[in-house]
Protein chains: 2
Amino acid sequence: MQDNLEEILLSRKIHPTAMRLLVLDELSKSESALSLNDLEGHFERADRVTLYRTLKTFEKHKLVHRIEDGTGALKYALCEASCDCAPQDLHAHFHCNKCQSTFCLKDYHLSQMKTPNNFQVEEISLVIKGLCEQCSHVN
Amino acid sequence: MQDNLEEILLSRKIHPTAMRLLVLDELSKSESALSLNDLEGHFERADRVTLYRTLKTFEKHKLVHRIEDGTGALKYALCEASCDCAPQDLHAHFHCNKCQSTFCLKDYHLSQMKTPNNFQVEEISLVIKGLCEQCSHVN
DNA sequence: CTAAACTTTGCAATCGCATTGCATCCTTAT
DNA sequence: ATAAGGATGCAATGCGATTGCAAAGTTTAG
């Protein structure tokens, strides 16, 4: 498992430090996208800025993608192994207005979405908001 | 025209003060969505917080809708007269990565978008980013 | 017409998240 | 071993959003 994580970092050309392995581990264990605050909550002793920069590094190397779910805080989720953050890799995200979780809808690819032909499209961000499965069952 | 603006406010049950008429006028003259900063730039003497609250009031009464285009600052655009911000009124937005303009793609309705059936959908935010028509012509 | 009640506006201040600068520590290459 | 480069920690700042409070303006009951 440790080895596995290390290989993941190496495959993205990210130097595998202890901190990065821990952050990657956290991200891979999480069902939902994590904000910097979320991440900080998982590490009593880690510095906020270090976590911030770790996420930035991951993002630059396309290990994670950022999600703007409108809560004010950016969230990050692991990319799939094959992901290159190219148009065909883009997918929708769901944000629960109740539990505030945000997760990837990996099956909702955005590459086939029709776009206005008078614009040069570079990225697409689709966030669906509502109640997640769990929260819609509980009343 | 003044009358017209006043009627618009009244139809949304917003008390038409001088400030609100001016802000509405600004919004209706603008091709693109405006941030609080944008708005502030148009009024030398207006207080930022008053503009902020004016937008909040407009939003509450569904005169404007907010757009999260990922630039960090919320933007606001006028709703159409018939808009009630219900699912069938939702449309996509385009954000130009060059000139930073954001505008409504009113023809891109989101109501017919298929959504995951294990979630209760309340809102959808679709932001397409790239180069707008103008900026893609200029090299 | 006037006083009370409510709304709107302006100013000061605060909060939260993102981001940067800089010094220190650690790792790597020579 | 040593210099060079990268990673980390701490302090500080920037910026947008938001709130509290008092002054000014508006509406309404009497």
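Chain naming here is simple, since letters A, B, ... match the order of the sequence lines and numbering starts at 1 in each. None of the values given here were measured: they were computed from a predicted structure.
- Distances shorter than 4.0 Å separate some side-chain N or O of A/Thr17 from OP1 or OP2 on D/dT8.
- Residues satisfying the ring pair (Phe, Tyr, Trp, His ring centres under 6.0 Å) criterion with A/Tyr52, sequence neighbours excluded, are absent altogether.
- Cluster membership check: A/Phe43 shares its hydrophobic cluster with A/Leu5, using side-chain heavy-atom separations under 4.5 Å among Ile, Leu, Val, Met, Phe, Trp and Tyr.
- There is no side-chain donor-acceptor pair under 3.5 Å between B/His93 and B/His95.
- Against DNA chain D, the stretch residues 40-49 of chain B makes heavy-atom approaches under 4.0 Å through B/Val49.
- The separation between B/Lys56 atom NZ and D/dG20 atom P is 14 Å, rounded to whole Å.
- Here the side chain of B/Tyr52 is nearest to one of D/dT19, D/dT8, C/dA18, namely D/dT19.
- For the pair A/Lys56 and A/Tyr76, the cation does not sit on the ring face, since its NZ or CZ is not both under 6.0 Å from the ring centre and inside 45° of the axis.
- Residue B/Leu36 contributes atom CG, which lies 14 Å from atom P of D/dT19 at whole-angstrom precision.
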Handout entry: Sequence-aligned protein contact record of nucleotides 25-30 of chain C, with B where the base is within under 4.0 Å of a protein heavy atom and S where only the sugar-phosphate is
Key = ---S--
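- Between D/dG16 and B/Asn37, a contact under 4.0 Å exists linking OP1 or OP2 to a side-chain N or O.
- When each of A/Ala18 and B/Leu74 is assigned the nucleotide of DNA chain D with its nearest heavy atom, A/Ala18 is the one assigned upstream, toward the 5' end.
- Within 4.0 Å (heavy atoms only), B/Arg53 reaches at least one base atom of the nucleic acid.
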Exercise for the section: With salt bridge (charged side-chain N to carboxylate O under 4.0 Å, His left out) as the test, would you mind laying out the steps for A/Glu68 and B/Lys129 before giving the verdict? Expected result: CA-CA 13 Å; A/Glu68 294 151 1; B/Lys129 304 181 192 185; 3.4 Å; yes
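- Closest-nucleotide positions on DNA chain C for B/Thr54 and A/Thr71 were compared, and the one nearer the 5' end corresponds to B/Thr54.
- Residues A/Thr71 and A/Asp69 bring a donor and an acceptor atom of their side chains to less than 3.5 Å of each other.
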Handout entry: side-chain contact (heavy atoms from CB on, under 4.5 Å) evaluation trace for B/Thr57 with B/Arg20
Key = CA-CA 9 Å; B/Thr57 300; B/Arg20 288 169 181 171; 4.1 Å; yes
